[in-house]
Amino acid sequence: MVVVNRRRLRRQFRSYVRLYLAQWRVWVRRPPLPAAALIASPTLLPRPIYSPLRRLATAVAAIGLVLLALTVTALQSSQLVTVGAQDSPPVAQASATVDYRPLVADHQLPPPVPKLANPALLSPLPTPTPSPTPPPAPAAQGGSVAFTIFQNGQSDLYALPAGYAQPVRLTSHPADDRDPAWSPDGRQLAFTSHRDGNWEIYLLNLGKGRLRRLTHDLAYDGHPAWSPDGQWLVYESYQEGNLDLYLLPADGHRPPLRLTYDPAPDFNPAWSPGDGRTIAFTSWRTGNPDIFFLSLDVGTDERVVNVTASPAGVEDQPAFSSDGRWLAYSEGRGGYDLVYAIPLVDGGVAGPLVSVGQGQHPAWSPAGPAMVYVHQQDEQSFLLAGSATSWGIAPQVYVGSALLDGPTWTAASLPPNLIEVWPEAAVTDDPPLFVDVIATPQASGPPYLLWEVPVQAPAAYLSDRVDQSFLALRERVIREASWDFLGQVDKLYEPLNARPLPGQSDQTWNKAGRAFDFAQQLALADDPQVEIVREDRGTEVYWRVYLRAAVQDGSLGEPLRRLPWDFRARYGANATDYDQGGRLRAAIPAGYYVDFTALAAYYGWQRLAAAGDWRTFFPGIQYWHFENRQGLTWEEAMLELYTAEEMMNDE
């Protein structure tokens, strides 16, 4: 009987301990109440009834908890002293010896990758100037986030160290640099660059300021990703008219190995951590972009696994978490870009996907389920923080006025001597893309005039405020695509008394001398030189214009990754194609293309959303129309060329 009572008392004591520990956790972790929360009056709440026995048990449990905490603290202190007195165990190093195993035919793959233990961190930068606002949540994770910024006519690499308000510039070459990828130890940065006349993979050692070119092929190479041991890179390459994945030793001493052979484009690879036996990538092999897993142990891409298998969405940009338990990716659906995360176990999907936030390009933190991703809104880029295990308001890590792309996160800090050893990091300002030459303002009347530009157009005039930007854009396109795309346009200036088409506004920016319409037939030919890709943004439809490069050896442009829109299908026998304003092309066109929409934006020329009736009213499509508003309203722009009286008389 005594034994039974003791057991019962022990169970009761353990129950009380668990109860009070649970209450303590709730009290510690409970979030603050919202400002608008309504709290019930204490007089309306029932008072708890405590018996004398329960009070005694409560006191005993509290004393037991105190004694237990003191005991655990003493034990931990003794363990710390013991470990500190011993020699530190050696850090496991990745073997430099590579034992090749056959893949398919005469190709070979690396062996299983040993997991790196505690990669050494670089020395931190000097303490940054404190920001007036609290640092974002990712600052607690430490390290640096590198990304690409597109501004002033080029793309360069930047890094945002934890706690900094502004990024540190890493590259400033006149050619484009993009697609950064930190090595596992954070000492090197692999990236894609056009600095030698075509797209190649480069390796930058930040601590030593050494740049090394890894690929040597005139064809396009891009989007590198590291193996967990830092000895290999997987990347995409456009060979023989097809975009596929390749492996390359990071030392560059052996030729690349081809991984995929499917005729559909395969791109944007990501390498799994841990044993490194899985490559995630985006592919069109099912007729729609999905995320696939390729096992290096299987040895052929014919047995890849479709992870997303979503015919209604556009999945891209896969990224493994540092512990390999999650895969994040972006999905375009219904006009919105969303970031999702899928739990993984043993190389497969372990549960339903988790919605992280609205944006693209997820990049995981060096430890834990936190991540950053990019959100575009109102011509601004927001680098936001999110998590795969919790939902809440996404803190802003960085906000920029230029386009931001492709973040990558390392636990390492930037070296303090970066500017000393790497001169490109010391550049702060780039030369202007063009110089505005404004005529002397008139003594009376409107401040600016129309100026004739040397192109073929019905009325080849533009406002003095934007004519130089147009001519500079024309010259840039000739250099990038090797043909004079803007040498002949359908429309520039439009007279003040011009009347619009039915259903269209007469307040056109062509009247203000701030718009151009390129030759729309270039996109409607049997063998078009211009491809138009549909981009849904919320409820609006935009068009991205790509120009086929006149030289197709890889020195100009890059391969397409999206299906263009076929406007000619609207005139076919299929009634659905007419109702939808056309359809997607059957296949992605082969060859190299230049993103004209991106180039035009550098010079201030922006595209417009299609009109609501574009599916049935062809002039409402407007893929050919670009404007340079410079932040003005239409009335302000018109008053630069006309007097108020002239505008009123026209009405």
Side-chain angles (χ1 to χ4, degrees), residues 179 222-223 236 242-245 260 262-270 279-294 304-320 327-342 349 352-363 371 373-377 381 384 386 403-407 531-546 558-567 569 580-589 593 595 597-598 607 609-610 615 623:
D179 309 333
H223 282 96
E236 62 188 35
N242 197 39
L243 195 59
D244 285 298
L245 304 185
T260 62
D262 194 276
D266 300 324
F267 51 97
N268 270 351
I279 302 291
F281 63 99
T282 306
S283 179
W284 278 87
R285 59 184 64 201
T286 56
N288 190 70
D290 283 309
I291 307 298
F292 290 80
F293 279 177
L294 185 152
V304 296
V305 178
N306 191 338
V307 181
T308 55
S310 174
V314 177
E315 290 84 17
D316 198 359
Q317 303 152 355
F320 286 100
L327 177 80
Y329 63 91
S330 66
E331 177 180 318
R333 183 189 294 264
Y336 297 94
D337 294 318
L338 302 173
V339 174
Y340 291 102
I342 303 178
V349 176
L353 57 84
V354 176
S355 177
V356 178
Q358 184 176 346
Q360 292 182 312
H361 301 284
M371 70 172 70
Y373 57 94
V374 180
H375 175 67
Q376 306 288 340
Q377 182 178 352
S381 293
L384 305 179
L403 178 65
L404 188 150
D405 192 11
E531 297 289 354
I532 311 297
V533 174
R534 176 176 170 176
E535 294 184 343
D536 294 349
R537 293 290 178 262
T539 58
E540 295 184 315
V541 175
Y542 288 86
W543 310 102
R544 185 165 292 273
V545 180
Y546 290 93
E558 60 184 286
L560 294 178
R561 296 170 180 81
R562 293 288 181 264
L563 283 174
W565 191 258
D566 184 3
F567 293 100
Q580 296 300 320
R583 64 169 178 242
L584 292 172
R585 297 271 294 274
I588 297 177
Y593 289 82
D595 188 342
T597 302
R607 59 184 177 174
R615 292 173 177 82
Y623 66 73

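As the structure is a computational prediction, the values presented were derived from the model and not from experiment.
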Colleague: Could you state the interatomic distance from CD (Gln580) to CG (Asp566), rounded to the nearest 0.5 Å?
Modeller: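 Result: 13.5 Å between the selected atoms.
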
Colleague: Quick one: side-chain hydrogen bond (donor to acceptor under 3.5 Å, both in side chains) partners of Thr597, sequence neighbours excluded?
Modeller: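 None.
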
Colleague: Of the non-hydrogen atoms in Arg285 and Phe292, which two are nearest, and what is the gap between them?
Modeller: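 Residues Arg285 and Phe292, closest heavy atoms: CG-CZ, 3.5 Å.
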
Colleague: Would Val545 and Ile532 count as a side chain to side chain contact (heavy atoms under 4.5 Å, CB included) here? Give the steps.
Modeller: CA-CA 5 Å; Val545 180; Ile532 311 297; 3.9 Å; yes

Colleague: Applying side chain to side chain contact (heavy atoms under 4.5 Å, CB included), run through Val307 and Val349 and close with a yes or a no.
Modeller: CA-CA 7 Å; Val307 181; Val349 176; 3.7 Å; yes

Colleague: Measure from the side-chain N and O atoms of Asn268 to the backbone N and O of Pro318, and report whether any donor-acceptor pair falls under 3.5 Å.
Modeller: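 Side chain of Asn268 to backbone of Pro318, a donor-acceptor pair under 3.5 Å: no, none is there.
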
Colleague: Say you draw a straight line from CG of Leu353 to OG1 of Thr308; how long is it, rounded to the nearest 0.5 Å?
Modeller: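 Spacing of CG (Leu353) from OG1 (Thr308) equals 10.0 Å.
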
Colleague: Indicate whether the side chain of Arg333 and that of Ser310 have a donor and an acceptor atom separated by less than 3.5 Å.
Modeller: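 Looking only at side-chain atoms, Ser310 and Arg333 do form a donor-acceptor pair, the distance falling under 3.5 Å.
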
Colleague: Between atom CD of Glu236 and atom CG of Asp244, what is the distance when rounded to the nearest 0.5 Å?
Modeller: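 The CG atom of Asp244 is 10.5 Å from CD of Glu236, to the nearest 0.5 Å.
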
Colleague: Distance-only, no hydrogens or angles: does the Asn242 side chain make a donor-acceptor pair with backbone N or O of Asp262 under 3.5 Å?
Modeller: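 Yes; judged by distance alone, with no hydrogens or angles, the pair exists.
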
Colleague: Can you list the residues that meet the ring-ring contact (aromatic ring centres under 6.0 Å, His included) rule with Phe320, with sequence neighbours excluded?
Modeller: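 ring-ring contact (aromatic ring centres under 6.0 Å, His included) check on Phe320 returns Phe293.
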
Colleague: Work out which heavy atom in Ala280 is nearest to a heavy atom in Leu327; give both atom names and the distance.
Modeller: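 Smallest interatomic distance, heavy atoms only, reads CB-CD1, 4.2 Å.
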
Colleague: Quick one: does Glu531's side chain have a donor or acceptor within less than 3.5 Å of a partner on Tyr546's backbone?
Modeller: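 Checking the backbone N and O of Tyr546 against the side chain of Glu531, no donor-acceptor pair under 3.5 Å is found.
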
Colleague: Would a distance-only check, ignoring hydrogens and angles, find a side-chain to backbone donor-acceptor pair under 3.5 Å from Trp565 to Glu535?
Modeller: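 Such a contact is absent between Trp565 side chain and Glu535 backbone.
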
Colleague: Are side-chain heavy atoms of Arg534 and Val541 found at a separation under 4.5 Å?
Modeller: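 Yes, at least one pair of side-chain atoms sits under 4.5 Å.
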
Colleague: Just by distance, do the side chain of Ser330 and the backbone of Gln317 share a donor-acceptor pair under 3.5 Å?
Modeller: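 No; judged by distance alone, with no hydrogens or angles, the pair does not exist.
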
Colleague: Which pair of heavy atoms, one from Ala587 and one from Pro564, lies closest together, and at what distance?
Modeller: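 Distance-wise, the nearest heavy atoms are O-CD, 4.4 Å.
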
Colleague: Under the salt bridge (charged side-chain N to carboxylate O under 4.0 Å, His left out) rule, collect the residues that match up with Asp316, sequence neighbours excluded.
Modeller: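 Salt bridge (charged side-chain N to carboxylate O under 4.0 Å, His left out) list for Asp316, sorted by chain: Arg562.
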
Colleague: Taking atom CG of Asp290 and atom CD of Glu315, what is their separation to the nearest 0.5 Å?
Modeller: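 That separation rounds to 5.0 Å.
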
Colleague: Nearest 0.5 Å please: distance from the CZ atom of Phe267 over to the OG1 atom of Thr260.
Modeller: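 Nearest 0.5 Å value for the CZ-OG1 distance: 11.0 Å.
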
Colleague: Could you state the interatomic distance from OH (Tyr329) to CD (Gln360), rounded to the nearest 0.5 Å?
Modeller: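 Reported value, rounded in 0.5 Å steps: 14.0 Å.
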
Colleague: Kindly give the heavy-atom pair with the smallest separation between Arg561 and Trp284, and that separation in Å.
Modeller: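 Between these two residues, the closest heavy atoms are O-NE1, 2.9 Å.
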
Colleague: Between Pro362 and Ala319, what is the shortest heavy-atom contact and its length?
Modeller: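 Reported closest heavy-atom pair: O-CB, 3.6 Å.
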
Colleague: Determine whether Leu243 and Asp266 make a side-chain contact, defined as any pair of heavy atoms from C-beta on separated by less than 4.5 Å.
Modeller: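 With C-beta onward as the side chain, the pair stays apart.
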
Colleague: Using only atom types and a distance under 3.5 Å, with no angle test, would you say the side chain of Gln358 pairs donor to acceptor with the backbone of Gln376?
Modeller: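 Answer holds: no.
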
Colleague: Where the side chain of Glu331 meets the backbone of Leu338, is there a donor-acceptor pair that is under 3.5 Å apart?
Modeller: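 No, because the side chain of Glu331 does not come within donor-acceptor range (under 3.5 Å) of the backbone of Leu338.
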
Colleague: Show the nearest heavy-atom pair for residues Leu563 and Ala586, with the distance to one decimal.
Modeller: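 Nearest heavy atoms, Leu563 then Ala586: CD2-C, 4.3 Å.
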
